[in-house]
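One structure below.
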Amino acid sequence: MLVEQSSRVEQTARLKDEIQRIKKEKDVVILAHNYQIPDVQDIADFTGDSLGLSRKAAKVNQKTILFCGVHFMAETAAIICPDKRVLIPDLQAGCSLSDSITVDELRNWKKQHPNAITVGYVNTTAEIKSELDYCCTSANAVNVVKAIPADKEILFLPDMFLGSYVAKMTGRKKMYIWAGECHVHAGIKPEDITKKLDSLKDAEFVIHPECSCTTPMLFDMASGSFDNHKVSILSTEGMMTHVNSSKAKNFVVATETGILYKMRQQNPDKTFIPASEKAECQYMKMITLDKVYDALVQDKYEVVVPKEIADKARLAIERMLAIS
Ligand code: 13P
Ligand code: SF4
């Protein structure tokens with residue numbers, strides 16, 4: 001058993017070395033989302049959130065980006081970096097949230113509200129982005145909505161928890177929210193959080209705005225229920241920055257559990273507890289070291305966004321970047 005384990009460790013180390021060698025030889029930059037498995041995060045040049053990674057990719061010299069994340073993220077990189085080739089190790093790595101609205105559904109919705117401004121989360125396909133007025137991320141959704149004149153109707157999609165959070169924070173009245181959700185974050189329930197926080201009295205609480213517990217949590221915060229805990233609603237990279245600089249020693253983390261690897265690695269003296277151990281995104285976990293290796297060796301799978309879609313989608317992203 002021990003012998004088996006040590007040969008597996010050696011194999012993994014060899015595979016990582018090979019990936020590093022081929023990556024340099026082929027002049028490829030590897031990006032990994034914060035939810036990727038630890039081995040994949042280890043071989044990445046950069047880890048971060050979806051938009052942050054794509055913006056980083058636009059600044060590096062390499063002409064090929066190997067995106068270890070889900071499909072909409074690789075598309076976003078292809079939109080932001082039109083002169084580069086974007087590869088993803090597994091084309092099946094999708095996203096339940098981005099699947100929760102189709103282009104036809106969006107077009108119908110827009111027809112019902114012809115004067116509305118459409119704001120869409122970055123977790124959407126390139127085709128959906130090409131239909132948006134503004135793109136937004138979990139980090140800047142509040143500012144994007146605040147920048148739109150108050151008398152305008154807004155269609156917000158696809159995440160209903162992020163949408164409710166934004167509506168609450170901005171006090172926006174004419175904001176219609178698509179009833180989409182991410183199955184991973186929707187599965188983190190307020191009861192999970194309460195139990196964990198009760199077990200760690202001095203813990204800070206960091207939460208992703210896609211969680212189903214966000215909305216009740218906002219009301220609880222306003223009524224003082226969390227007075228013993230500092231609560232921060234942040235994107236994945238926002239969470240990283242926050243826990244790295246916070247003086248607190250204990251944290252309850254409400255998002256996909258992959259982020260705990262980097263938090264623990266960068267803060268060995270702090271304790272991180274997941275709000276729910278079950279919060280795992282099976283799409284993110286489809287990317288393995290073997291698939292990264294195959295992708296590098298065989299130059300697969302290329303993610304191509306047709307120019308007319310990419311140009312329109314880029315506009316929505318640029319409008320967002322001009323605000324935040
Ligand atoms: P971030 O952009 O905050 O990393 O979130 C992406 C995502 O897929 C959340 O589930
Ligand atoms: Fe999509 Fe949810 Fe997975 Fe993020 S965690 S990639 S929103 S399914």
Side-chain angles (χ1 to χ4, degrees), residues 31-37 40-41 44 46-57 67-77 79-80 88-101 119-126 128-129 135-144 157-163 165-166 178-188 206-214 232-243 253-263 274-287 303 317 320-321 324:
L31 309 178
H33 187 265
N34 289 324
Y35 298 160
Q36 289 289 289
I37 59 167
V40 170
Q41 293 196 36
F46 302 104
T47 54
D49 58 27
S50 52
L51 186 70
L53 286 173
S54 297
R55 294 179 76 187
K56 189 95 205 168
F67 207 116
C68 299
V70 295
H71 194 264
F72 80 81
M73 296 180 179
E75 278 190 332
T76 307
I79 293 165
I80 294 184
I88 187 166
D90 189 332
L91 280 171
Q92 301 306 313
C95 167
S96 57
L97 180 54
S98 99
D99 283 349
S100 63
I101 186 163
V119 180
Y121 189 36
V122 68
N123 291 41
T124 44
T125 61
I128 293 279
K129 284 191 183 78
C135 193
C136 74
T137 69
S138 45
N140 61 29
V142 170
N143 285 344
V144 168
L157 64 120
D159 189 75
M160 60 178 159
F161 301 112
L162 180 62
Y165 165 69
V166 171
W178 191 256
E181 63 177 25
C182 150
H183 70 294
V184 179
H185 286 88
I188 304 175
V206 286
I207 176 169
H208 198 282
E210 280 170 28
C211 289
S212 70
C213 46
T214 311
S232 310
I233 300 179
L234 297 161
S235 68
T236 58
E237 204 47 29
M239 284 184 180
M240 280 309 306
T241 314
H242 180 79
V243 302
V253 182
T255 193
E256 212 269 355
T257 54
I259 199 168
L260 297 168
Y261 175 62
K262 203 161 92 173
M263 286 181 169
S276 165
E277 286 80 5
K278 288 190 235 126
E280 268 210 0
C281 174
Q282 69 269 41
Y283 301 112
M284 284 283 177
K285 272 40 181 183
M286 281 180 180
I287 310 296
V303 176
I317 295 173
M320 162 187 80
L321 295 178
S324 50

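Model, not experiment: these values are computed from the prediction. Every number for a ligand or one of its atoms is a count from 1 in the order of the listing.
- A donor-acceptor pair shorter than 3.5 Å can be found between the side chains of T255 and H185.
- Between T257 atom OG1 and M284 atom CE the span is 11.5 Å, to the nearest 0.5 Å.
- Taking CG from L162 and OG1 from T137, the interatomic distance works out to 8.5 Å, rounded to the nearest 0.5 Å.
- Listed by number with element, the atoms of ligand 1 under 4.0 Å from a non-hydrogen atom of S235 are 3 (O).
- Of all the atoms in ligand 1, the ones that sit under 4.0 Å from a non-hydrogen atom of Y35 are 7 (C), 9 (C), 10 (O).
- From C213, atom SG reaches atom NE2 of H208 across 11.5 Å, with rounding to the nearest 0.5 Å.
- Within the model, atoms CE of M286 and SG of C68 stand 14.5 Å from one another, a figure rounded to the nearest 0.5 Å.
- Taking distance alone, with nitrogen or oxygen atoms compared against 3.5 Å, E237 stays at or beyond that limit from ligand 1.
- Heavy-atom proximity to S138, at under 4.0 Å, picks out these atoms of ligand 1: 3 (O).
- Nearest heavy atoms, F67 versus P89: O-CD, 3.3 Å.
- Contact annotation: for H33 versus ligand 1, heavy atoms closer than 4.0 Å belong to the side chain alone.
- Near S96, the atoms of ligand 2 lying under 4.0 angstrom from a non-hydrogen atom of the residue are 8 (S).
- Here the heavy atom of the protein found nearest to atom 3 (Fe) of ligand 2 is C281 SG, 2.4 Å.
- C182 does not count as a contact of ligand 1, since none of its heavy atoms falls under 4.0 Å from the ligand.
- Atom 3 (Fe) of ligand 2 has no N, O or S atom of C95 closer than 2.8 Å.
- The Y121 neighbourhood of ligand 1 comprises atoms 5 (O), with distances under 4.0 Å to a heavy atom of that residue.
- Here Y261 contributes atom OH and I37 contributes atom CD1; the two are 10.0 Å apart, rounded to the nearest 0.5 Å.
- Polar contact check, N34 against ligand 1: no nitrogen or oxygen pair lies under 3.5 Å apart.
- In terms of protein heavy-atom proximity, atom 2 (Fe) of ligand 2 is nearest to C182 SG, 2.4 Å.
- Ligand 1 has H208 within reach: a non-hydrogen atom of the residue lies less than 4.0 Å from it.
- The minimum heavy-atom distance between I188 and A275, with the atom names listed, is CG2-CB, 3.9 Å.
- Note: M73 CE to H33 NE2 = 3.5 Å, rounded to the nearest 0.5 Å.
- At least one heavy atom of N123 sits closer than 4.0 Å to an atom of ligand 1.
- Heavy-atom distances between H185 and ligand 1 reach below 4.0 Å in at least one pair.
- The nearest protein atom to atom 4 (O) of ligand 1, hydrogens excluded, is given as T236 OG1, 2.4 Å; this is a heavy-atom distance.
- For E210, the closest heavy-atom approach to ligand 2 falls below 4.0 Å.
- Counting the atoms of ligand 1 from 1 in the order shown, those under 4.0 Å from a heavy atom of D49 are 1 (P), 2 (O), 4 (O).
- Of the protein's heavy atoms, N123 ND2, 3.2 Å lies nearest to atom 7 (S) of ligand 2.
- Proximity of E256 to ligand 1 is not established, as no heavy-atom distance is less than 4.0 Å.
- A donor and an acceptor atom, one from each side chain of H183 and Q282, are located under 3.5 Å apart.
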Quiz item: Would C211 and F161 satisfy side chain to side chain contact (heavy atoms under 4.5 Å, CB included), going step by step from the backbone distance to the final call?
Solution: CA-CA 6 Å; C211 289; F161 301 112; over 6 Å; no
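- E210 and Y165 share no side-chain donor-acceptor pair at under 3.5 Å.
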